[in-house]
Amino acid sequence: MAAERDITESWSRLQVELSARRIAEDRVDFSTSAPFAGLRLVGGVDISYPRGDEGSDTAVVALTVLAFPSLDVLYAHSEAVAITAPYIPGFLAFRESAAYRAAFDRLRRSHPELWPQVVMVDGNGTLHPRRFGSACHVGVEMDVPTIGVAKNLLHIKGTDADAKQLKRLFAEDPELQEAPISAGSEIYGVAVAPAGESAKNPIFVSPGHRVSMRTAVELARCCSVHRVPEPIRVADLRSREVARQMEQGLFDSEA
DNA sequence: GCGACAG
DNA sequence: ATCTTGTCGC
């Protein structure tokens, strides 16, 4: 059975269809200039997978809401979620978006006043083969402004970007702040120099929904104290912590 | 045919 | 994503 090829074709078509609903310009309720006046709440989401059984279909999703510009953590929730779809490069949203929706639903009913004005997603936005990565998918589905932030470069044919070259480029030139990733005149995303002094590898930023490329990059930088922007970094820490507890719990119950 | 590929 | 301790540096 050529199962994966079929599902991939189906998903690919769906991405193209949904991308028609993506808004590439800034359409948010705060200023998209310099200090981002009016921006108070920035969200972040991430998912961690407990180690162990390969067939494990349980993961931990975390959603955070930080105050801007203080970056104080106002909300951080994580919960176990069932993961059914496999991870296939270029189709991450089909594996994780349902979990994100569940997390947002919980926030909406428990702390509606903390609904974020923009959300950073652990993955890519337009830095994707069909310009519709996980951040775009989640943004369009929930009609929430999103920004994609990836720690590694997703290979896109036609693009001249190479992870190793970019890594060297940023390591050798401390002055370098950004490097666009494009194919011809089409810009997919931007490799951004890591915040802080210890990290050298860039992060890859691209707009998801209702945010421009420029705003996506600027906001990612304004929310960073370490390599990974705070909203996502905190979500990563929280989901990871719970994932470990789950491993421990499984171990104890089996003993 | 081999390589490369967010999490 | 995850498997993993120490270690170099501020």
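Throughout, protein chains are lettered first and strands after them, A, B, ... in sequence-line order, and every chain is numbered starting at 1.
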Q: Whether A:K167 and A:D162 form a salt bridge (side-chain N of Lys/Arg under 4.0 Å from carboxylate O of Asp/Glu) is what I want to check.
A: no

Q: Looking at A:E17 and A:R13, is any side-chain nitrogen of the basic one under 4.0 Å from a carboxylate oxygen of the acidic one?
A: no

Q: Tell me whether the rings of A:F132 and A:H137 are parallel (<30°), tilted (30 to 60°) or perpendicular (>60°).
A: tilted

Q: Under the side-chain contact (heavy atoms from CB on, under 4.5 Å) test against A:L219, which residue among A:V211, A:L39, A:V205, A:V149 passes?
A: A:L39

Q: Is the shortest side-chain N to carboxylate O distance from A:E230 to A:R233 below 4.0 Å?
A: yes

Q: Under the salt bridge (charged side-chain N to carboxylate O under 4.0 Å, His left out) test, which residues partner A:R130, sequence neighbours left out?
A: none

Q: What is the 5' to 3' range of DNA chain C, first to last nucleotide, that sits under 4.0 Å from any heavy atom of chain A?
A: C:dA1 to C:dT4

Q: Under 4.0 Å between a side-chain nitrogen and a carboxylate oxygen: does that hold for A:R101 and A:D105?
A: no

Q: Could you write nucleotides 2-7 of chain B as a row of B, S and -, 5' to 3', where a protein heavy atom under 4.0 Å of any base atom gives B, of only sugar-phosphate atoms gives S, and otherwise -?
A: ---BBB

